[in-house]
Amino acid sequence: MSSALETERPLFIVFEGIDGAGTTTQAQAACAWLEESTQNPVFLTREPSQGPIGALLHQALRRRIEFDPRVMSLLFAADRLDHLFEEIQQHLKDGVAVICDRYYLSSLAYQMVDAPQDLEWLDQLNAKAISPDLTILLDVPADVAMDRICRGRLNLDLYENLDRQKLVRDNYLHLAEHRRRPDERIEVVDGHRAQEQVLSDICELIASV
Ligand code: TMP
């Protein structure tokens, strides 16, 4: 069986992890590697998106405005579908691979902290978000991630505190193990290593899709 790198099928790859896990750094590095390997452009994007609903979320995350946690869940899910319909699916349709820094697993892992009993509802809200070909979950202990975030930063975003980060990490690991969709592939990668080592594992995983 040939790898998706050798076929025309554009890949949809997602990076997930707690704040400070390195999703942004590794998504950028993986994007450069994939472009080089395939000699084709890759669309690198992130959630919350740069769209109108994403803009509201960015303000809420910076504490410029405040929403009830249930409203945040709805906004994250709405931003996701807007991003999917307006950008991600367009690129995939044009044959361009997409790498997305955060996607629906973030909604489950983060928003379920506020209301674990709402997991089914969160799943429903995200049911129209297509499954990626591969989700890479960068796993880093919460205290290590918080140290990374606090280095050189004065203000912390809404969810950037140690207690919450611990709960989000537990949620991610639980979801990856017990709640993955039937058509979903989630790989947990140890993110508490040198950047090049982490990237090497990631490239191997992408090449195996
Ligand atoms: P980031 O842009 O630095 O990754 O920050 C986005 C923050 O928003 C981060 O704390 C994770 C959080 N988030 C959610 O709580 N739910 C979601 O669905 C998404 C996409 C992000």
Side-chain angles (χ1 to χ4, degrees), residues 12-31 44-88 98-116 118-119 121-132 135-140 142 144-172 174-176 179 186 191:
F12 179 23
I13 309 282
V14 167
F15 283 79
E16 290 281 359
I18 60 175
D19 292 83
T23 58
T24 303
T25 305
Q26 293 296 343
Q28 283 167 352
C31 177
L44 176 63
T45 186
R46 61 183 304 132
E47 290 184 0
S49 77
Q50 297 304 314
I53 308 165
L56 265 182
L57 283 163
H58 286 295
Q59 292 198 47
L61 290 167
R62 309 267 127 75
R63 301 172 211 269
R64 300 288 298 273
I65 47 176
E66 197 177 337
F67 293 111
D68 180 274
R70 289 160 294 188
V71 177
M72 289 294 279
S73 297
L74 289 164
L75 289 173
F76 279 119
D79 179 49
R80 179 155 304 119
L81 285 194
D82 184 47
H83 186 214
L84 181 67
F85 299 154
E86 294 297 320
E87 298 193 65
I88 295 176
V98 174
I99 294 185
C100 191
D101 182 358
R102 299 195 178 283
Y103 192 54
Y104 61 71
L105 209 57
S106 281
S107 267
L108 307 186
Y110 278 81
Q111 274 60 65
M112 131 192 199
V113 169
D114 299 305
D118 280 352
L119 183 55
W121 179 64
L122 291 168
D123 248 341
Q124 285 288 316
L125 290 183
N126 286 280
K128 299 270 181 219
I130 58 168
S131 300
T135 297
I136 292 165
L137 172 53
L138 292 177
D139 183 45
V140 169
V144 171
M146 281 310 291
D147 279 351
R148 289 181 183 174
I149 293 169
C150 292
R151 238 178 280 146
R153 284 260 301 276
L154 289 179
N155 298 315
L156 294 177
D157 283 353
L158 191 61
Y159 302 139
E160 292 175 342
N161 67 75
L162 184 59
D163 288 344
R164 190 170 181 115
Q165 291 261 80
K166 283 183 182 159
L167 294 171
V168 175
R169 184 192 185 201
D170 290 346
N171 288 344
Y172 266 129
H174 174 83
L175 292 163
R179 292 280 303 213
I186 305 174

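Fair warning: this is a prediction, and the values are worked out from it, not measured in the lab. The residues of the chain are indexed from 1 along the displayed sequence. Counting starts at 1 for both ligands and their atoms, in listed order.
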query: Of all heavy-atom pairs between Leu156 and Cys150, which one has the smallest distance, and what is that distance?
result: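 Looks like CD2-SG, 4.3 Å.
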
- prompt: Who pairs with Glu160 by side chain to side chain donor-acceptor pair (under 3.5 Å), at least two apart in sequence or on another chain?
  reply: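 For Glu160, the residues satisfying side chain to side chain donor-acceptor pair (under 3.5 Å) (neighbours in sequence not counted) are Arg153.
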
Would you mind listing each N/O atom of ligand 1 next to any protein N/O under 3.5 Å, plus the distance?
from	atom 1	to	atom 2	distance (Å)
ligand 1	2 (O)	Arg46	NH2	2.8
ligand 1	4 (O)	Arg102	NE	2.8
ligand 1	10 (O)	Asp19	OD1	2.9
ligand 1	10 (O)	Asp19	OD2	3.0
ligand 1	15 (O)	Gln111	OE1	3.4
ligand 1	15 (O)	Gln111	NE2	2.9
ligand 1	16 (N)	Gln111	OE1	2.8
ligand 1	18 (O)	Arg80	NH2	2.8
ligand 1	18 (O)	Ser107	N	3.3
ligand 1	18 (O)	Ser107	OG	3.0

statement: In this structure, SG of Cys100 is separated from CD1 of Ile88 (nearest 0.5 Å) by 4.5 Å

query: Mind checking what makes side chain to side chain contact (heavy atoms under 4.5 Å, CB included) contact with Leu74, not counting sequence neighbours?
result: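 By the side chain to side chain contact (heavy atoms under 4.5 Å, CB included) rule, Leu74 matches Trp121, Leu125.
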
message: Using 30° and 60° as the class boundaries, would you call the ring planes of Tyr103 and Phe12 parallel, tilted or perpendicular?
response: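 The rings of Tyr103 and Phe12 stand perpendicular, inter-plane angle above 60°.
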
- request: Could you list the residues that satisfy ring-ring contact (aromatic ring centres under 6.0 Å, His included) with Tyr172, not counting sequence neighbours?
  value: none

